[in-house]
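Down below is the structure, laid out as structure tokens.
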Amino acid sequence: MLCLVLFAGGRVFAEEEAQTATSPASAGELKAVVLQAGRDFDPAADETNCKAQLDAAMAQVAEYGMNAVLFPANTSDGALYSGTIWPMASGFDLVAYAAEAARGQGLSFYVILDASNGVGAEGQYGPRANLSAEAVQQTAAVLSELTAQCQPDGVYLTGYYNQKTAESMSLYRSEGASMGYDNWVRECGSSLVVNAGAAVREAKADALFGLIADPVWANQSTDPAGSDTQADFEMATDGYVDLNAIFAWAEVDRILVRCTGSLTDQDQNFKTVLSWWAETASQHGTGVAAWICNDRLGGDEPGWKAPDQVMRQIIETRAVEGCVGAAYGSLAALEENVGGSTDVLLRYYADQIEEQDILTDLTVSTPEKRTYTTQEPQMNFYGASDPNFPLTLNGKELERNGEGVFSVEMDLQPGLNTFTFEHKEKSVVYNITREVVIIKEVSPSGSMTVEGSTQIGITVMAYSGSSITASLGGASVTLTEQELTADAADGSPSAYVPYKGTLTVPAATESQQDVGNIAVSATWSGITQSAGGARVYVSALPQQAPNVEGQKGNLVEVTASQARTYPANVLNNEPNGSCFPLPKGTVDYIVSDKLTYSDDTYGSGEYYILGSGVRVSASDVSSLGEAEWQMSSLSGASSWADGQYVYVSFTRSGRKTAYTVQFDGVGYSASGGVNGFSGATSMSAILKDTSADTAAPGLAANNLLSGVSVAQQGNDTVVRFDLRKAGSFLGYRAYYDGDNLVFRFNQIPSGLSGAKIYLDPGHGGYDGGTSITGMYTEKTLNADIAARVADILRSRGATVQVTDTSGYVSLDSRVSQSQSFSPHLFVSIHHNSGVSSAKGTEVYYFNPYSRQLAANLSGAVAGALGTTNRGDKYGAYRVTTHMDFPAVLVECGFLTNPEELSKLQSDSYKNAIATSIADAIQNTLTSML
């Protein structure tokens with residue numbers, strides 16, 4: 001092996017000689033600033049001004065929270081320190097003064113020596129075209145003198161490259177002809193580095209010695225050991241740097257890599273370059289630091305236009321093993337604070353910024369399509385961005401929450417609307433064409449036949465703020481705007497809202513009547529549009545339910561487990577909280593033809609009106625044919641109780657006739673909501689065509705009912721169940737056990753001890769519910785809150801079951817699971833969506849005895865979240881439209897409101913919400929005792 005001969009004051013270093021110097025211990029992460037002559041200070045300025053510049057620079061570096069400066073020891077004009085070898089380029093010793101000023105600010109002080117400059121053979125100082133033995137010796141001597149005089153914490157060497165020129169060939173012939181030209185050219189650079197390092201340590205044993213390197217030592221295409229890069233300049237082939245020799249012979253503590261490429265640069269990617277150098281240097285016990293080229297920030301090179309580029313690079317330096325920190329290439333560039341980049345950097349160093357925020361790029365998740373046509377008059381945009389840098393929409397800065405999430409509602413003008421979001425280096429452009437369509441849907445549609453004097457429920461989906469009228473057969477009605485209830489537009493809020501009203505058809509005559517089509521007229525912002533609904537026919541005079549011996553009618557039997565009932569005098573598809581189900585086996589007469597109603601919410605429904613005064617779905621009953629009227633009777637009664645229920649059973653004879661249910665002291669709205677349930681003192685079941693041939697049973701011991709009475713009312717029997725405490729009621733289920741009609745009531749548990757609670761986090765599996773930017777998904781938050789509530793309730797003694805939403809769960813499955821669990825209360829947990837300004841908590845109920853729970857929950861959750869209490873609201877949802885137990889759907893807050901979204905991501909708020917839900921459940925139960 002060739003013995004490397006080094007020229008250092010006559011010393012010869014052999015390959016076998018052991019390295020004895022050790023790297024000084026690092027005082028944590030390197031946060032340095034390179035002070036550039038001519039930009040950060042003027043070496044040509046007079047001494048007073050130059051010192052003032054250096055004082056200001058050091059003070060600024062310290063104020064930024066940095067811990068080191070790198071200062072040039074020379075320029076192409078001469079040395080910046082007072083020495084005997086090179087002429088000075090300044091009127092005083094800048095390096096000595098800079099060292100004193102840096103230490104006065106508590107900063108580590110490093111010098112950079114550029115070996116590409118020096119005194120040539122002609123005795124003139126200037127750039128060197130080639131290295132030689134003389135250049136090696138001169139550089140070592142300069143470093144020895146500089147280090148001894150200024151005592152820096154370390155020295156970084158640059159300019160140790162060589163070239164092949166006619167001059168270098170001449171030097172080779174005089175200095176190293178025996179080793180071959182290529183070897184000599186490379187050995188000159190290696191010798192320079194080895195001798196420079198030795199000179200530094202001879203002058204100051206604990207000084208750090210480092211090299212400043214360009215990004216690429218060699219491309220892989222040039223040398224398999226090189227990096228995955230494409231660079232025009234390669235240190236190995238263009239600078240003749242023998243890295244293996246340097247690492248083998250020189251005591252290099254650190255490589256400072258000048259990273260000119262950004263994190264998106266395809267040729268010299270920052271991460272690729274830094275990782276290669278760190279891995280290569282670590283094999284020799286050498287550390288690596290990144291020279292951050294922050295002076296490129298805001299330029300047009302790939303990646304550098306984004307103001308977060310420097311921050312992302314710093315995050316990468318912390319992730320690359322073996323990287324000890326970074327040096328910023330210019331103080332002036334830091335002071336320019338391009339796009340607020342320096343402000344963000346300093347907050348990051350102060351642990352005031354999460355890395356995840358910096359790594360967040362602009363995402364606009366809603367709407368999903370970038371170019372499309374819509375009838376909506378407004379559009380809601382949801383997305384996320386890095387909160388540390390501005391986000392603009394059509395040039396105007398948008399407000400965001402602390403996580404950078406934004407939600408903004410924009411008006412759409414008729415025709416093409418262009419919206420451009422800009423953030424850091426990214427733009428997202430929407431081209432949305434608006435068609436003005438005031439009326440979206442009209443229900444009912446198609447063709448329908450109704451009974452005389454029936455009220456037809458009219459629903460029109462139209463722009464909010466419209467004036468809507470509907471007419472039919474000479475009668476007209478102004479429709480009332482309704483609130484678009486929870487989850488109706490998850491993730492995609494709409495300006496279309498329902499308008500509702502009823503039109504009463506003419507009384508029946510001897511023959512069928514064609515009343516015509518429902519006509520709808522809508523006016524919005526001075527624009528009027530019309531639409532048509534169903535064509536309506538009125539049936540001929542209907543048959544009446546028989547009520548005396550000898551009269552006949554057509555019987556149907558309930559085949560569904562619990563047949564939902566609807567008001568008989570209104571035809572629509574909407575469930576109604578004032579109508580209670582009929583159990584399987586119930587028999588009643590039909591008094592109408594099959595009635596059809598079509599809408600876009602519930603689809604097409606077919607119904608019969610029963611003699612008991614309610615309407616049922618045709619799919620829930622089967623025909624028994626024609627039969628004569630006859631009375632049924634109650635021939636016996638009994639009561640018993642277990643740990644959860646109290647039962648009251650009536651033995652019957654004759655047909656299992658229909659019945660209706662009402663609560664004394666409770667008033668209903670036309671839609672089915674209640675004006676309050678606290679005044680309810682009893683529940684009455686009116687059994688049609690039934691005689692009371694038995695006394696009321698003696699009640700089994702229970703804490704719900706205080707008594708049962710049986711009374712005759714014409715052809716009907718009224719069974720009244722008195723409540724021990726007004727408003728204290730937890731649901732019931734009626735069913736036939738053979739010929740016995742059984743009413744099963746939930747008893748009141750003693751607080752949470754002994755209570756069974758079912759929690760139903762909404763959505764799950766592929767059904768994510770509302771999703772903001774793909775990061776904040778409703779299903780995840782629902783499940784999180786539900787789990788917290790469950791833990792709290794269990795700790796207080798309740799038995800809790802939670803729907804497993806790790807996969808998709810249908811609404812019917814949720815209902816069946818909850819009914820199988822037989823809870824005292826059911827709470828479905830959701831989070832809302834709407835326009836960006838929409839906020840608050842609201843809770844929906846359906847059956848009348850769920851309203852108090854809904855009111856308690858809405859107030860408690862709103863208080864915990866510190867938001868608006870939108871209150872308890874009547875709404876028909878699949879998971880709440882049953883009568884077995886109180887069931888509500890709580891909308892904890894709006895994910896589309898950035899302020900509420902921030903709170904809903906906080907563990908403290910989630911815990912507070914969970915506690916408030918548990919408290920409301922507990923308070924609801926204890927208030928009933």
Side-chain angles (χ1 to χ4, degrees), residues 545-546 553-565 579-590 608 610-612 614 616-617 619-661 683-702 704-705 707-713 715-721 731-747 815-816 819-822 882-885:
N554 293 310
L555 287 173
V556 290
E557 179 181 12
V558 173
T559 55
S561 174
Q562 296 281 307
R564 176 173 288 162
T565 62
C579 297
F580 294 80
L582 294 173
K584 185 176 183 179
T586 299
V587 175
D588 201 355
Y589 293 97
I590 59 173
Y608 289 112
L610 303 182
S612 55
V614 295
V616 295
S617 173
S619 63
D620 285 346
V621 299
S622 63
S623 175
L624 297 178
E626 190 177 62
E628 289 186 359
W629 178 88
Q630 60 179 228
M631 289 285 286
S632 298
S633 67
L634 302 182
S635 56
S638 61
S639 176
W640 69 95
D642 57 25
Q644 181 167 351
Y645 302 111
V646 57
Y647 302 82
V648 179
S649 177
F650 295 93
T651 303
R652 299 182 56 100
S653 61
R655 295 192 182 101
K656 300 173 182 177
T657 55
Y659 63 87
T660 58
V661 171
M683 175 184 129
S684 296
I686 299 91
L687 281 61
K688 299 297 182 179
D689 301 331
T690 302
S691 61
D693 297 333
T694 183
L699 270 177
N702 74 94
L704 174 72
L705 303 176
V708 179
S709 61
V710 179
Q712 194 70 35
Q713 183 176 296
N715 285 341
D716 304 331
T717 295
V718 178
V719 180
R720 194 174 89 172
F721 304 92
Y732 84 99
R733 173 177 279 252
Y735 57 91
Y736 281 101
D737 182 9
D739 288 329
N740 295 337
L741 175 60
V742 181
F743 290 89
R744 186 193 73 185
F745 299 91
N746 278 308
Q747 295 201 66
V815 172
S816 63
Q819 290 177 329
S820 296
F821 181 64
S822 299
H882 54 79
M883 304 296 181
D884 296 46
F885 38 79

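In what follows, every heavy atom counts, from backbone to side chain, and hydrogens, waters and symmetry copies are set aside. Everything numeric in this text was worked out from a predicted model, so none of it was measured.
Expressed to the nearest 0.5 Å, how far CE of Met683 lies from CZ of Phe743 amounts to 5.5 Å. Interatomic distance, CG of Asn554 versus CD1 of Ile590, reported as 5.0 Å (0.5 Å rounding).
A 4.5 Å side-chain heavy-atom check between Leu741 and Tyr736 finds at least one atom pair inside the cut-off. Put simply, the side chain of His882 reaches to within 4.5 Å of the side chain of Gln819, judged on heavy atoms. At least one side-chain heavy atom of Pro581 sits less than 4.5 Å from a side-chain heavy atom of Met883. Between Thr657 and Asp716, the closest side-chain pair of non-hydrogen atoms is not below 4.5 Å. Counting heavy atoms from C-beta on, the side chains of Glu557 and Leu555 never come closer than 4.5 Å. Proximity of Phe650 to Leu687: side-chain heavy atoms (C-beta onward) are nowhere separated by under 4.5 Å. Side chains of Leu705 and Val646 form a contact here, defined as non-hydrogen atoms less than 4.5 Å apart. Inter-residue side-chain proximity for Arg733 and Ser822 is flagged as unmet; no heavy-atom pair is nearer than 4.5 Å.
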**OP:** Apply side chain to side chain contact (heavy atoms under 4.5 Å, CB included) to the pair Ser635 and Thr694, showing each step before the final yes or no.
**Re:** CA-CA 5 Å; Ser635 56; Thr694 183; 5.7 Å; no
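Annotation: salt bridge (Lys or Arg N to Asp or Glu O under 4.0 Å) contacts of Arg652 (sequence neighbours excluded): none.
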